[in-house]
Q: 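Below are the structure tokens for one structure; questions will follow.
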Amino acid sequence: MNAPVLDLAPILPELILALGAMALLMYGVFTGDRSARTVTVGAIALLVAAAVAVMLIGGAPRSVFNGSFVLDGFARFMKVLAFLGAAVALVLSQDFLRRERVEKFEFPILILLSTTGMGVLISAGDLIALYMGLELMSLALYVIASIHRDNAKSTEAGLKYFVLGALSSGMLLYGCSLIYGFTGTVQLAGIAAALKGGPIGLGLVFGLVFLIAGMAFKVSAVPFHMWTPDVYEGAPSPVTAFFAAAPKVAAIAIFARALVTGFPAAAHQWQQIVVFVSVGSMLLGSFAAIGQTNIKRLMAYSSIGHMGFALVGLSAGTAAGVQGVAAYIAIYMIMTLGTFACVIAMRRGDEAVETIDDLAGLSRTNPLMAAALAALLFSLAGIPPLAGFFAKWYVFSAAIEAKLYTLAVIGVLSSVIGCYYYLRIVKLMYFDEPAPAFSPVRIELKTVLVASALFNTLFVVYPAPLVAAAAAAARSLF
């Protein structure tokens, strides 16, 4: 009798990234830091190849390793987002790291390894794969947060992220052990079957609380947001751009997959927790950003608020809600990468500047950059008819369909409050006296900034492809 052949097609994108990272690591070790640019180009090519591989692996949902690794429509959608987000973050990093004299060949390799972890995390079919993917993603993030070793803020950011990340991992593992103890399985499908028709015990609810706490840390949701402002401010700007894009996609993906596929019978219990986390994140993100003077700290609080909005969709616990989450995170990632392209372009000579006041009068010193940034800020604020408005529309509609009226009202009010700090930057750029002009913007930064602004502006004309892809992704979980 022949042994069954292991189908490696579902893990092909992760194999491309992992084996490619090993090959680039060997090349970098033998050629030294002068190979940094070549390794970066190779890493971008691998990320694009992995995204293409995900799209080419079509057909019905497939799983390997006894159901531990699942490739379905939801995983495909989120992986393409995460891989392309990581590639764009690497494109944004090249010139910045060279100017700051921290251009090391290890940086793109760490990005590749972290993105490999994201792929595993997005496809996790059991709690062990979930933890492995989360840690593979996170360990590389801790290192790149402090990649600028001679900068005290960068070193502090990495240390804070590591210590708090270790705490969150412990909480997540404790939650997993409780869930395993009360259900007798680590498979998400097995957990759903074990809970079907039976009472939900208090011990299992505690396990769920700890599991959600661990995942909430990774999406920087209240009350596990405390690392975000310091890490966003302290890490080099391209690293912050990466943090704000790809890992958020992976974390929100496993948040949705774990709860929807593993705990449908406990939906009433986890909905209450997610609603609390969502409300806290929206309110804190809206109010805490008002007094910020550093644009990276402002973007940190903005990201906390936006994760709260995304979780509004998950709170609904329906296919429409998950569709809203998928569309929201896609639009959010594009908005964020465009905004950080502008932040990275804020340089005067050899010095990077980060305060909001440095943007004063930008419309007169660099009209294109000001117009693109204004479009992105309006979109982040949720002003119609830009893409950010539709992102919020999808999640609020799902919440209203699920009769979560109070949550939707709090979300709308938080969005209105959040408009203030986005519009304050637009007012600075267009109505204040000009600050000294920035250095000329490099072509790759200008391309990402303009492309992101155009997407957000023209989304209203043809939203169908993204909405249809998000709907197909959501259906695969139900």
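Positions are given from 1, in the same order as the sequence printed here. These figures come from a predicted structure and were not determined experimentally.
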Q: Just by distance, do the side chain of Q292 and the backbone of A288 share a donor-acceptor pair under 3.5 Å?
A: yes
Q: As an exercise, state the distance from CZ of F389 to CD1 of I383, rounded to the nearest 0.5 Å.
A: 10.0 Å
Q: May I ask you to decide if G308's main-chain N or O and S278's side chain share a donor-acceptor pair within less than 3.5 Å?
A: yes
Q: I'd like to know if D230 pairs up with K153 as an ion pair, taking the criterion as any Lys NZ or Arg NE/NH1/NH2 lying under 4.0 Å from an Asp or Glu carboxylate oxygen.
A: no
Q: S476 side chain to F74 main-chain N or O, any donor-acceptor pair under 3.5 Å?
A: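 At least one qualifying donor-acceptor pair exists.
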Q: When you check the gap from the basic side-chain N to the acidic O, do K160 and E156 get nearer than 4.0 Å?
A: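 Yes, charged N to carboxylate O under 4.0 Å.
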Q: Flag the pair R101 and D150 as a salt bridge only when some basic side-chain nitrogen lies within less than 4.0 angstrom of an acidic carboxylate oxygen.
A: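 Between D150 and R101 there is no salt bridge, as every charged N stays at least 4.0 Å from the carboxylate O atoms.
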Q: How many angstroms lie between atom CD1 of I417 and atom CZ of F287, to the nearest 0.5 angstrom?
A: 3.5 Å
Q: Would you find a donor on one side and an acceptor on the other, under 3.5 Å apart, between the side chain of S93 and the backbone of L90?
A: yes
Q: Sort and list the pairs that fulfil salt bridge (charged side-chain N to carboxylate O under 4.0 Å, His left out) and have at least one residue in residues 73-82, not counting sequence neighbours.
A: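 As it turns out, the salt bridge (charged side-chain N to carboxylate O under 4.0 Å, His left out) pairs with a partner in residues 73-82, which skip direct neighbours, are E14-K79.
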Q: For the side chain of W270 and the backbone of F263, is there at least one donor-acceptor N/O pair under 3.5 Å apart?
A: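 Such a contact is found between W270 side chain and F263 backbone.
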Q: Using 4.0 Å as the upper bound for N to carboxylate O, is an ion pair formed by R257 and D72?
A: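 Looking at D72 and R257, the cut-off is met.
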Q: Over 60° means perpendicular and under 30° means parallel, so tell me whether F309 and Y328 are parallel, tilted or perpendicular.
A: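 The rings of F309 and Y328 sit tilted, inter-plane angle from 30° to 60°.
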Q: Can you measure from OH (Y405) to CD1 (I410) and round to the nearest 0.5 angstrom?
A: 15.0 Å
Q: Using a 3.5 Å distance criterion without hydrogens, assess whether the side chain of S237 forms a donor-acceptor pair with backbone atoms of V343.
A: no
Q: What is the minimum heavy-atom distance between S220 and H225, and which atoms define it?
A: O-CB, 3.9 Å
Q: What is the minimum heavy-atom distance between A316 and G321, and which atoms define it?
A: CB-CA, 4.3 Å
Q: Run the side chain to side chain donor-acceptor pair (under 3.5 Å) check on E135 and S169 step by step: do they pass?
A: CA-CA 8 Å; E135 287 306 295; S169 294; 2.6 Å; yes
Q: So, the side chain of S286 versus the backbone of S414: is there a donor-acceptor pair under 3.5 Å, distance only?
A: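 Checking the backbone N and O of S414 against the side chain of S286, a donor-acceptor pair under 3.5 Å is found.
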Q: If you measure from the Lys or Arg side-chain nitrogens to the Asp or Glu carboxylate oxygens, is any gap between E106 and K104 under 4.0 Å?
A: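 No, no charged N to carboxylate O under 4.0 Å.
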Q: Is K296 salt-bridged to E233, going by a charged N under 4.0 Å from an acidic O?
A: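 Looking at K296 and E233, the cut-off is not met.
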Q: Is the backbone N or O of L362 less than 3.5 Å from a side-chain atom of N366, with the two atoms forming a donor-acceptor pair by type?
A: no
Q: Describe, in one word, how the ring planes of Y142 and Y161 are oriented to each other, choosing from parallel (under 30°), tilted (30 to 60°) and perpendicular (over 60°).
A: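 Taking Y161 first and then Y142, their aromatic rings stand perpendicular (interplane angle over 60°).
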Q: Taking all non-hydrogen atoms of both residues into account, name the closest pair between Y301 and A289 and its distance.
A: CB-CB, 3.7 Å
Q: Check for a donor-acceptor pair, side chain of S123 on one end and backbone N or O of V120 on the other, with a separation under 3.5 Å.
A: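 Pair absent, no side-chain N/O of S123 close to backbone of V120.
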Q: Which heavy atom in A330 sits nearest to a heavy atom in L466, and how many Å separate them?
A: CB-CD1, 3.8 Å
Q: Just by distance, do the side chain of S379 and the backbone of A375 share a donor-acceptor pair under 3.5 Å?
A: no
Q: Which class fits the ring pair H306 and Y422: parallel under 30°, tilted 30 to 60°, perpendicular over 60°?
A: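 Ring orientation of H306 relative to Y422: tilted.
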Q: Is any side-chain heavy atom of T228 closer than 4.5 Å to a side-chain heavy atom of S303?
A: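 T228 reaches S303 side chain to side chain.
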Q: In Å and rounded to the nearest 0.5 Å, what is the OH to CG distance from Y131 to L172?
A: 8.0 Å
